[in-house]
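Presented below is the structure to which this report refers.
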Amino acid sequence: FDNKLVVAATSTVSGDHTNISVLRFTTAGALDATFDGDGIRTADLPNVALYANAITLQNSDTTPTKIVVAGSAVDELNDMSRFFIARFGA
């Protein structure tokens, strides 16, 4: 992935509402501005707290590399937890 570091993180937005952020860093350790303009892409669902647990890259000879994040999603209205997976363009 061009020797760049990709990280998935859970971040608190307000109170206990959380979302998943994917950060991509250059080989020099700075946020990579070619990734979503500021090096950070976020998944945020209304009334759902998201938690990142795993990250991998999906490679293909015919399509661009994708970033895949797995974790859990908790419905903030009824406290039900479910599996969550998101795929981001790299």
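Small disclaimer: the values here were computed from a predicted structure and weren't measured.
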What are the two closest non-hydrogen atoms of [X] and [Y], and how far apart are they?
X	Y	value
K4	F25	CB-O, 3.2 Å
N19	A43	CB-O, 3.0 Å
A52	T10	N-OG1, 2.8 Å
A73	V48	CB-CG1, 3.7 Å
I40	D36	O-OD2, 3.2 Å

Would a 4.5 Å heavy-atom cut-off, applied to side chains only, mark [X] and [Y] as touching?
X	Y	result
V7	I55	no
I20	F84	yes
L31	L23	yes
I67	L57	yes

Please check this pair: side chain of T12 against backbone of T18, looking for a donor-acceptor N/O pair closer than 3.5 Å.
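No: the side chain of T12 does not pair with the backbone of T18.
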Evaluate side chain to side chain contact (heavy atoms under 4.5 Å, CB included) for T63 paired with Q58, printing each intermediate quantity in order.
CA-CA 10 Å; T63 60; Q58 178 185 11; over 6 Å; no
Drop me the distance from [X]'s [atom1] to [Y]'s [atom2], to the nearest 0.5 angstrom.
X	Y	atom1	atom2	answer
T65	F88	OG1	CZ	15.5 Å
T27	N3	OG1	CG	7.0 Å
F35	T26	CZ	OG1	13.5 Å

Please list all pairs passing the side-chain hydrogen bond (donor to acceptor under 3.5 Å, both in side chains) test where one or both residues lie in residues 72-86, with sequence neighbours left out.
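Every pair satisfying side-chain hydrogen bond (donor to acceptor under 3.5 Å, both in side chains) with a residue in residues 72-86: H17-E76.
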Check step by step if side chain to side chain contact (heavy atoms under 4.5 Å, CB included) holds for V68 and I85.
CA-CA 7 Å; V68 180; I85 191 163; 3.7 Å; yes
